[in-house]
Amino acid sequence: MKPEETIALLNLVFVAAIFQFMPLLTRQGIFFSATVDPDFPRSVDGRRLLRSYRWQSALSAVSAIALLLTLPSHRPGLVVLAPMLIMVAGSVCGYWLKFREVHARYGQRRPEIRQAELSSQPSRASFSPWLWLPPFVAMAITAAYLQARYIELPLRFPVHWGADGQPNRWATREPLTVFAPLLMGAGMNLLMLGLAWMISRVSRNTIMRRVTVRLLEVLLYPLTFTFIVVALLPLGLVVPMWVIPGFMLACGAGLIYWSYRQIAAPAIADAVPEPQNDAYWKAGMFYYNPSDPAIFVAKRVGIGYTMNFSGRWAWVVMALTLAVVVGSIALARQAK
Amino acid sequence: MASAPTLRIDLDSAVPAYRQIVDGLRILLVNGKLAPGSELPSVRRMALDLGVHFNTVAEAYRLLAEEGWLDLRHGRSARVIYRDAPDPTSGSLKEFGYRLRALLAEMLANGAPTEDLRNALRTAAEELES
């Protein structure tokens with residue numbers, strides 16, 4: 001098996017595991033995005049539905065892996081994309097069918113009680129500089145260290161590695177190339193912080209907001225670690241291939257578990273709850289509520305936010321995201 | 001630190017959302033939980049939290065400003081101001097009495113025991129006076 005295929009296989013297994021776990025990553029009283037009795041997921045019918053979804057999702061994962069092993073290996077794009085699409089489509093379809101069944105047969109209607117905090121200053125308790133500042137300090141210290149040992153850097157050093165772990169792109173010693181990993185790291189960190197700031201400003205004060213903001217702040221640490229290691233490689237730092245993905249995976253698993261504990265906790269009530277009615281959730285996944293001015297709404301399943309697709313901003317953001325993805329692929333192809 | 005008061009509305013209710021906002025805020029203004037000098041959330045923030053249109057909240061703020069509870073100036077948060085209660089006229093007292101009787105009749109028609117109503121009225125009056 002080629003290294004690209006091994007990576008595609010690992011990606012499939014990782015995403016398959018997420019789909020198996022996903023229905024549990026939700027608030028109490030929500031099951032497959034439908035409002036139910038809080039005890040329903042533990043009932044005989046609840047367990048049967050979960051088991052059935054997991055079998056459907058596992059079947060699509062097995063089909064995707066079978067496709068990966070049979071596809072011609074000289075088409076790397078196809079090898080990565082087609083099996084992943086098969087698996088995601090199969091699991092999402094299974095999820096949608098379960099949403100329909102739960103909503104129609106076991107769904108409940110909660111009163112549409114809305115609540116607002118009467119303070120002119122919105123609560124932003126979880127946005128802490130003590131958490132997000134250290135990664136920037138660490139990068140500044142690394143930059144100072146690189147500057148101090150600039151003369152010891154080799155005139156030519158690797159800046160990109162292939163799936164087999166061998167360098168495939170090189171750069172010459174210039175300030176921009178030496179400090180590029182740190183600049184990119186700082187840029188990524190600022191992007192994460194900007195996202196956290198925006199969510200803390202424009203979303204309702206729910207447990208999901210606290211979890212998402214904290215998650216984005218903590219994500220700065222594995223990102224900073226990765227960019228610092230890459231920046232120090234030209235100085236002869238020897239790091240085994242598995243360290244960075246292993247560290248990222250461990251951080252990701254830890255953060256998902258912590259988020260699950262927070263989101264699924266029965267005791268924590270939202271200070272400002274999201275709209276409750278299932279009718280706002282199309283196929284259990286897409287929020288559509290024209291009377292709600294919110295652009296970002298806490299997801300019913302999983303971590304983070306989705307958008308209110310009744311407003312034009314959601315479509316503008318979607319179009320921009322799509323344009324960035326398509327543009328990046330086109331630029332990457334042109335560069336080859 | 002004392003937590004900020006909260007406003008609750010029920011979108012399933014037959015009472016329009018702007019009226020519920022006015023009524024809910026007026027209770028907090030009368031019982032002093034929103035004291036003169038307090039700032040209310042911006043129209044945008046309140047509409048976002050309640051999941052209602054901006055105009056719904058703007059209309060509620062405008063009605064409370066007309067009653068003399070709020071100072072609304074462009075580019076500033078709505079601020080609670082000191083307000084002297086006007087002298088009641090016989091017409092307004094008759095109107096409030098009628099509305100109260102209609103509410104009590106509705107509660108009795110829905111099965112609320114008389115003793116509970118009496119206690120609820122006494123508690124509400126004491127809370128508003130305190």
Over 12 non-hydrogen atoms of neighbours within 6.0 angstrom of [atom1] in [X]:
X      : atom1 : answer
A/R109 : CZ    : yes
B/R26  : CZ    : yes
A/R312 : CZ    : no
A/W315 : CH2   : no
A/K282 : NZ    : yes
A/F286 : CZ    : no
A/M198 : CE    : yes
A/M22  : CE    : yes

Legend entry - Working for side chain to side chain contact (heavy atoms under 4.5 Å, CB included), residues B/L25 and A/L118: CA-CA 9 Å; B/L25 287 176; A/L118 297 179; 3.7 Å; yes
Inset, instruction - Answer yes or no: is there an ion pair linking A/R114 with B/D12, defined by an N-O contact shorter than 4.0 Å? - result: no
Legend entry - Contact winner vs chain A - B/L28, B/D10, B/L50, heavy-atom pairs under 4.5 Å: B/L50
Interchain contact, [X] with chain B, by part (heavy-atom threshold 4.5 Å):
X      : value
A/R110 : backbone
A/P111 : both
A/V202 : both

Legend entry - Point-to-point distance, once rounded to the nearest 0.5 Å, from OG1 of A/T206 to CG of B/D49: 10.5 Å
Legend entry - Audit row: A/I113, B/R8, side chain to side chain contact (heavy atoms under 4.5 Å, CB included) steps and yes/no: CA-CA 7 Å; A/I113 302 291; B/R8 281 164 69 97; 3.4 Å; yes
Legend entry - For chain A, which residues of residues 97-110 of chain B have heavy atoms nearer than 4.5 angstrom: none
Inset, instruction - Determine which residues belonging to residues 51-69 of chain B lie within contact range of chain A, meaning some heavy atom pair is under 4.5 Å apart, and list them by number or answer 'none'. - result: B/G51, B/V52, B/H53, B/F54
Inset, instruction - Take B/L11 and A/Q276 through the test side chain to side chain contact (heavy atoms under 4.5 Å, CB included) and record every step on the way to the result. - result: CA-CA 11 Å; B/L11 290 194; A/Q276 301 284 317; over 6 Å; no
